[in-house]
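Beneath this line is the structure, given in structure tokens, with notes to follow.
For clarity, every value in this text was computed on a predicted model and none was experimentally measured.
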Number of protein chains: 2
Amino acid sequence: MGKKVTIRDIARMAGVSVTTVSQVLNGKGKRFSKTTREKIMKLRDQYQYVPDFHARSLIMKGSINTIGVLVPNVSESFFGTFVEGVQQVARQEKLIPLIFSANREPKLEQEYLEQMVERSIDGLIIASARMTTEMINQALSNRDIPYILFDRNYDQQGARVLTDDYHGGQLAAQHLLALGHTKMLFLGVKNITENFKQRMAGFQETINAQEINFDEDHNLLKADLSKDGGYQMARPVIESGATAVFTANDEVAIGLMRGLREQGVRVPEDISVIGYDDIILDEYVYPQLTTIHQPIFKLGVGATEILLNKINHPDAEPEQVEHFPVKLIARQSTGKCQQN
Amino acid sequence: MGKKVTIRDIARMAGVSVTTVSQVLNGKGKRFSKTTREKIMKLRDQYQYVPDFHARSLIMKGSINTIGVLVPNVSESFFGTFVEGVQQVARQEKLIPLIFSANREPKLEQEYLEQMVERSIDGLIIASARMTTEMINQALSNRDIPYILFDRNYDQQGARVLTDDYHGGQLAAQHLLALGHTKMLFLGVKNITENFKQRMAGFQETINAQEINFDEDHNLLKADLSKDGGYQMARPVIESGATAVFTANDEVAIGLMRGLREQGVRVPEDISVIGYDDIILDEYVYPQLTTIHQPIFKLGVGATEILLNKINHPDAEPEQVEHFPVKLIARQSTGKCQQN
DNA sequence: GTGAAAGCGCTAACAG
DNA sequence: CTGTTAGCGCTTTCAC
């Protein structure tokens, strides 16, 4: 218990040189005698020698097998599942994922990013819709650490995994239109980012194509991006007179449903609600939430795979982008428009 | 873009020695001329010099301001909230929390623990009910890294934050008894750990004291510790004939409620359900979940504070234990027993 | 005011 | 088969 055992201690005790110990312990010791090897191994076990990580990575730079994962908020189911996807491939590849949850605060994101740089991680998965490429490069001190982007602005550069948010918006609109709704609302968010913009654009344009009016002045409401955010918007939603609401994501939808219920509004009889993401929760709320499915876990897997690829082939083609499909999952929170 | 700028580069460019640069950059440069200082600062900004973390911690061991947080599963709301608590104080204290989510796999827990040791973190928060003190010490290579335990076996040694699980079980029983229930069930988990044992003990003994029968053969069912686990147990719960169920935690309760609903059983009219933890979700499900409240966020804060204290005063009193209160939150998932 | 030198714990040529 | 030497990037005496 206590003081750290160094490679030198082991060497001294074994009566050999430091090199020998190092080599043997790193499996490069074929050339040493069996006796020596065993002696060293025994000593290592006995004193529970663990090589110093920092000393090690000081020399073998870049090969530490650590990746950083920056998410807005681990405690959201969406990012929790995403991280699980990352972890799955990380484990296969013997990578250690360092998870940073920045609480949606740009300053913290920046800080964590810098931390990761200092710790010379091998690569980075950034799931933040807020940061611009510029901010990222800034935080990365213009070093060429491979990173991949997720859930964020399309116009940025960089390798990334994408889902078609525009199409997701279309699917939501088509579903609601097919159910006969004409008064529809998009419950967006205050700090709008590109992915949400796209969802709304797909939604809006599909509706407008049916010669049904939808414009930002009358059919757009803004909530905080959370369950509570959705909850708070129940009254405004009711007052809007809409019969169907498409929300920025499932968290907002679940909050909204709670609010509606407390106001005595029935879902879907009075108002249909459709969310976005397909988080696990959707099947556990009542009524079960109709939503646009994103393959969240797979996104985590995909992001990690692309990153790995970038790490292993730094000189490869410039920007790798992988597309993942979205689809409609019709459950119980949407129904025929009853207002005729 | 590219190659890393070292302190030597800066020194060379400034025409001074490495020492000077180091001193100036670490704020210990009062003794240097203003000109020199400014020159160095300028160069640092210009080349975006960031000191190498590993080189640094190799020398100044132990003062890196990093703590490790090992949780079973970040994507569970409970641990997500807990981690947020940790982060709050971490940020105030300028600590970087490294989050590891071990997916409830002992092997992974062990592996991550070893990783943290290698990276010479300053301290450790272990939220795993599975690992024994022995396993932990083993993974920690018997080094004296301060750590604190959470959500786990009481009989273990070590500083920790605790809530009174036994009392929580009592509260649940009292609540159900007051509602007139006599046929009660504890929906426990397969891999039982001390915290769950305690909950059940408090529950069971309170009930037995009323001369109502409750024994493990008839009144205990075991589920996987997850929403799906609870969901799967709906049928057995119904078949048991119980009018009230106390679940191991809220996740299980929420899953169970979904299962019951799908089987056409009403909550609370037919069966009352009471959970444990008071996760955020409880207010968003329908009916809102009655539960035993644990101050999850505060537990995270408390754990971190104790750890910090241990780090800063390694020689202090042996084991610090902080107790946090639990309380009953009566919502809508429990009601009067209708079976008379 | 400033710098030379030592060394943190480790690995990797290169000699023997 | 094994050891010597050099050095990763940085901080820290201590001498000039």
Side-chain angles (χ1 to χ4, degrees), chain A residues 2-41 43-44 47-66 117-122 141 143, chain B residues 2-41 43-44 47-65 115 117-122 141 143:
Chain A
K3 288 290 115 271
K4 209 170 155 168
V5 186
T6 77
I7 199 172
R8 260 217 271 289
D9 299 326
I10 302 285
R12 192 170 10 83
M13 293 187 291
V16 298
S17 84
V18 185
T19 314
T20 310
V21 179
S22 173
Q23 300 280 40
V24 169
L25 259 29
N26 287 311
K28 299 179 181 167
K30 308 218 162 131
R31 53 212 187 94
F32 297 98
S33 76
K34 206 175 169 193
T35 347
T36 312
R37 289 210 303 251
E38 281 172 356
K39 200 168 18 170
I40 292 173
M41 290 310 208
L43 249 15
R44 181 199 51 183
Y47 290 92
Q48 307 204 67
Y49 166 75
V50 179
D52 184 276
F53 175 75
H54 298 296
R56 213 158 191 221
S57 32
L58 190 52
I59 299 186
M60 325 193 306
K61 36 190 73 192
S63 57
I64 338 166
N65 296 334
T66 309
V117 174
E118 285 187 23
R119 280 156 208 254
S120 42
I121 45 159
D122 297 322
S141 306
R143 250 172 286 194
Chain B
K3 288 290 115 271
K4 207 169 157 171
V5 186
T6 77
I7 199 173
R8 261 217 272 289
D9 299 326
I10 303 284
R12 194 171 7 83
M13 293 187 290
V16 297
S17 82
V18 185
T19 314
T20 310
V21 179
S22 173
Q23 299 280 42
V24 170
L25 258 29
N26 287 311
K28 298 177 182 167
K30 306 217 162 128
R31 53 211 188 94
F32 297 98
S33 76
K34 206 175 167 192
T35 346
T36 312
R37 290 211 302 252
E38 282 172 354
K39 201 168 17 173
I40 292 172
M41 290 310 207
L43 250 14
R44 181 199 51 181
Y47 290 93
Q48 307 203 72
Y49 167 76
V50 180
D52 184 277
F53 175 76
H54 299 296
R56 211 159 193 217
S57 31
L58 188 53
I59 300 184
M60 325 194 302
K61 37 190 75 188
S63 57
I64 337 167
N65 295 333
Q115 275 297 325
V117 174
E118 285 187 21
R119 280 155 209 255
S120 44
I121 45 161
D122 297 321
S141 307
R143 249 173 285 194

Check [X] against [Y] and note the closest heavy-atom contact, atom names and distance.
| X | Y | result |
| --- | --- | --- |
| A:Tyr47 | A:Val5 | O-CG2, 3.6 Å |
| B:Tyr49 | B:Leu25 | CE2-CD2, 3.6 Å |
| B:Phe32 | B:Arg37 | O-NH1, 3.2 Å |
| B:Asn26 | B:Arg56 | OD1-NH2, 2.8 Å |
| A:Asp122 | A:Asn65 | OD2-N, 2.6 Å |
| A:Ser57 | B:His54 | OG-ND1, 3.3 Å |

Starting from the first five and the last five pairs of the helix from C:dG1-D:dC16 to C:dG16-D:dC1, work out the angle between the resulting helix axes, to 10 degrees. 40°

Please say which of A:Lys39, A:Arg44, A:Glu38 ends up in a side chain to side chain contact (heavy atoms under 4.5 Å, CB included) with A:Met41. A:Arg44

Under 4.0 angstrom between B:Ser33 side-chain N/O and C:dG1 OP1 or OP2: no

Is there side-chain contact between A:Val21 and A:Val16, with at least one heavy-atom pair below 4.5 Å? yes

Could you tell me from which nucleotide to which nucleotide of DNA chain D, 5' to 3', there is an atom under 4.0 Å from chain B heavy atoms? D:dC8 to D:dT13

Ignoring hydrogens and geometry, is there a side-chain-to-backbone donor-acceptor pair from B:Ser22 to B:Val18 under 3.5 Å? no

Strictly under 4.0 angstrom, non-hydrogen atoms only: write out the protein contact profile of nucleotides 8-16 of chain C, one letter per nucleotide from the 5' end, B, S or -. BBBBBB---

Value rounded to 0.5 Å, distance of CD in A:Gln23 from OG1 in A:Thr36: 13.0 Å

